[in-house]
Amino acid sequence: MTLRRPGAIRAVALSLATFCLAVSGLSAVKNQSLRSTPLMAQLHRFSAPDVPTLSPSESEVAPLNWDQPIPSNLPGKGLAQHPMLYIGEGYNKILLVSAGKIIWTYSTGAGWEYDDVWMLSNGNVLFTRMQYVAEVTPAKKVVWRYDAPPGTEIHTCQPIGLNQVMFVLNGLPPKLMVVNIKSNKIEVEHSLPAISQTDQKSVHGEFRRVRRTAQGTYLVSFLQMNKVIEYNKKFQPIWEYDIKSPWAAIRLKNGNTLITDEQDVVTREVDPQKKTVWEVQPSDLPEEYRYQNAQSVTRLANGNTIICSRGGNAKGPQLVEVTPAKHVVWVLWDWHDFGPATAVQILEDPGIPESPGQSEH
């Protein structure tokens with residue numbers, strides 16, 4: 001039997017304690033990271049054994065038909081650049097990307113159109129399908145659905161906590177609504193201005209984005225009326241900005257508003273005094289990375305901006321990420337697996353999506 005000296009035992013014990021503290025520290029850092037980026041902690045659920053390839057609530061869509069090569073030497077890491085939730089109004093399949101691969105899809109058949117999508121901190125996915133707004137689990141179980149009444153359309157939605165959903169019914173008149181998805185009680189219902197109160201043909205183009213801000217106000221993009229109006233909780237206008245065809249407007253944490261002008265293909269950040277503080281359009285970028293049109297836009301925590309484009313019938317990229325200096329750092333140009341880009345949610349960015357304002361940097 002070999003006897004160890006007390007000093008050696010203490011040294012071994014100290015080394016073991018140091019190792020345990022280091023492991024504990026790494027675990028704490030990892031846990032803190034997952035708490036600040038809650039969506040990353042949900043990704044494993046989308047590839048679990050109980051997730052069907054096609055659930056009873058799904059309807060398969062026709063595959064994309066694109067046999068051209070992806071342009072070489074594109075900036076960034078391709079699909080590995082960001083974990084993301086991706087939709088487009090011309091291809092009714094929601095795509096979830098992680099570690100450079102499509103790990104989950106949700107299909108809703110032929111017809112029009114996807115416009116808005118969110119992953120919540122509980123892993124559920126909320127989306128609009130023009131004819132309805134719905135929430136599904138990672139296992140593709142529908143937990144809530146609201147069908148648009150005849151003559152109306154739904155293009156925008158937003159989770160308010162885990163129990164409420166805000167959406168707009170394009171219609172005559174259009175209505176902003178907040179519904180409790182547990183009780184199905186309508187908690188807010190308010191008519192909005194529109195270019196017409198009688199022309200059914202005007203309904204489709206009324207709204208694509210409405211957002212509730214961290215202050216509880218409503219930021220409304222009037223696509224046909226060429227203006228963005230912010231309303232307080234009593235629906236009194238408190239801020240207004242004139243711009244052609246505003247497809248989307250989001251309120252940033254710095255108090256500025258980031259707006260996408262679909263007609264002029266301009267993404268513009270304005271301050272509360274309506275002064276332009278930043279703007280980007282295709283002509284600002286190298287010709288080979290110029291997108292054909294712009295719909296929604298995402299501002300990342302690092303200050304970069306991602307523009308979503310319908311791509312011009314596969315003649316341009318779907319996603320372009322630029323720095324504040326307008327340097328292109330990532331381009332997604334893949335018409336084999338991805339349709340047009342209407343909206344993208346970057347899952348590694350911090351914030352709880354259902355807390356208004358947390359996901360807008």
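Cluster note: Val203 groups with Leu172 through ILVMFWY side-chain heavy atoms spaced under 4.5 Å, whether in direct contact or through intervening members. Cluster partners of Met166, by chain and number: Ile160, Val168, Leu176, Val178, Val188, Leu192, Ile195, Phe207, Val210, Tyr218, Val220, Phe222, Met225, Ile229, Tyr231, Phe235. The rule joins Ile, Leu, Val, Met, Phe, Trp and Tyr whenever side-chain heavy atoms lie under 4.5 Å apart.
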Can I get a per-line list of side-chain donor-acceptor pairs under 3.5 Å for residues 72-85, giving both atom names and the distance, sequence neighbours left out?
| from | atom 1 | to | atom 2 | distance (Å) |
| --- | --- | --- | --- | --- |
| Gln81 | OE1 | Lys77 | N | 2.9 |
| His82 | ND1 | Glu348 | OE2 | 2.5 |
| His82 | NE2 | Glu321 | OE1 | 2.7 |

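Applying the salt bridge (Lys or Arg N to Asp or Glu O under 4.0 Å) rule to pairs touching residues 138-158 yields Glu58-Lys140, Arg145-Asp147, sequence neighbours excluded.
Look at Arg251 and Glu230 and you find a salt bridge, because one of the NZ, NE, NH1 or NH2 atoms lies within 4.0 Å of a carboxylate O, short of that distance. Salt bridge absent: Glu262 and Lys244 never bring a charged side-chain N and a carboxylate O closer than 4.0 Å.
With sequence neighbours left out, Asp199 forms a side-chain contact (heavy atoms from CB on, under 4.5 Å) with Ser196, Lys201, Ser202. Every residue meeting the side-chain hydrogen bond (donor to acceptor under 3.5 Å, both in side chains) condition with Asn184, not counting sequence neighbours, appears here in chain and number order: Trp144.
Judged purely by atom type and a 3.5 angstrom limit, Ser59 has no side-chain atom pairing as donor or acceptor with the backbone of Gly109. In this structure a side-chain-to-backbone donor-acceptor pair under 3.5 Å is present from Thr298 to Val344. Although no hydrogens or angles enter the test, the distance criterion places a donor-acceptor pair under 3.5 Å between the side chain of Arg129 and the main chain of Thr108. Remark: the backbone N or O of Trp247 is not paired with any side-chain donor or acceptor of Gln295 at under 3.5 angstrom. A side-chain donor-acceptor contact under 3.5 Å links Trp278 to the backbone of Pro324. When atom types are taken as modelled, the side chain of Thr213 and the backbone of Gln215 share a donor-acceptor pair closer than 3.5 angstrom. Asp116 places a side-chain N or O within donor-acceptor distance of the main-chain N or O of Cys157, the cut-off being under 3.5 Å.
The cationic group of Arg45 does not satisfy the cation-pi geometry with Trp104, failing either the under 6.0 Å distance to the six-membered ring centre or the 45° limit from the ring axis.
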Give the C-alpha distance, both sets of side-chain angles, the deciding distance and a yes or no for side-chain hydrogen bond (donor to acceptor under 3.5 Å, both in side chains) between Ser245 and Asp261. CA-CA 5 Å; Ser245 59; Asp261 170 352; 3.1 Å; yes
Check the pair Thr305 / Arg299 against side-chain hydrogen bond (donor to acceptor under 3.5 Å, both in side chains), numbers first and verdict last. CA-CA 5 Å; Thr305 303; Arg299 175 63 56 81; 2.8 Å; yes
The test is side-chain hydrogen bond (donor to acceptor under 3.5 Å, both in side chains); show your working for Gln164 and Asn180 and say whether it passes. CA-CA 4 Å; Gln164 294 176 308; Asn180 187 306; over 6 Å; no
Step by step, would you call Ser57 with Tyr106 a side-chain hydrogen bond (donor to acceptor under 3.5 Å, both in side chains)? CA-CA 9 Å; Ser57 63; Tyr106 190 82; 2.7 Å; yes
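Looking at Tyr146, Tyr114, Tyr86, Phe167 one by one, the single match for ring-ring contact (aromatic ring centres under 6.0 Å, His included) with Phe127 turns out to be Tyr114.
We find the OG1-CD1 distance between Thr217 and Ile238 to be 5.0 Å, quoted to the nearest 0.5 Å.
Looking at Glu269 and Asn254, their side chains do bring a donor and an acceptor atom within 3.5 Å of each other.
For Gln236, the CD atom sits in a packed shell: over 12 heavy atoms of surrounding residues, nucleotides or ligands are nearer than 6.0 Å.
Among all heavy-atom pairs drawn from Arg290 and Pro317, the shortest one is O-CD, 3.4 Å.
Using a 4.5 Å cut-off on side-chain heavy atoms (C-beta onward), Glu288 and Pro71 make no contact.
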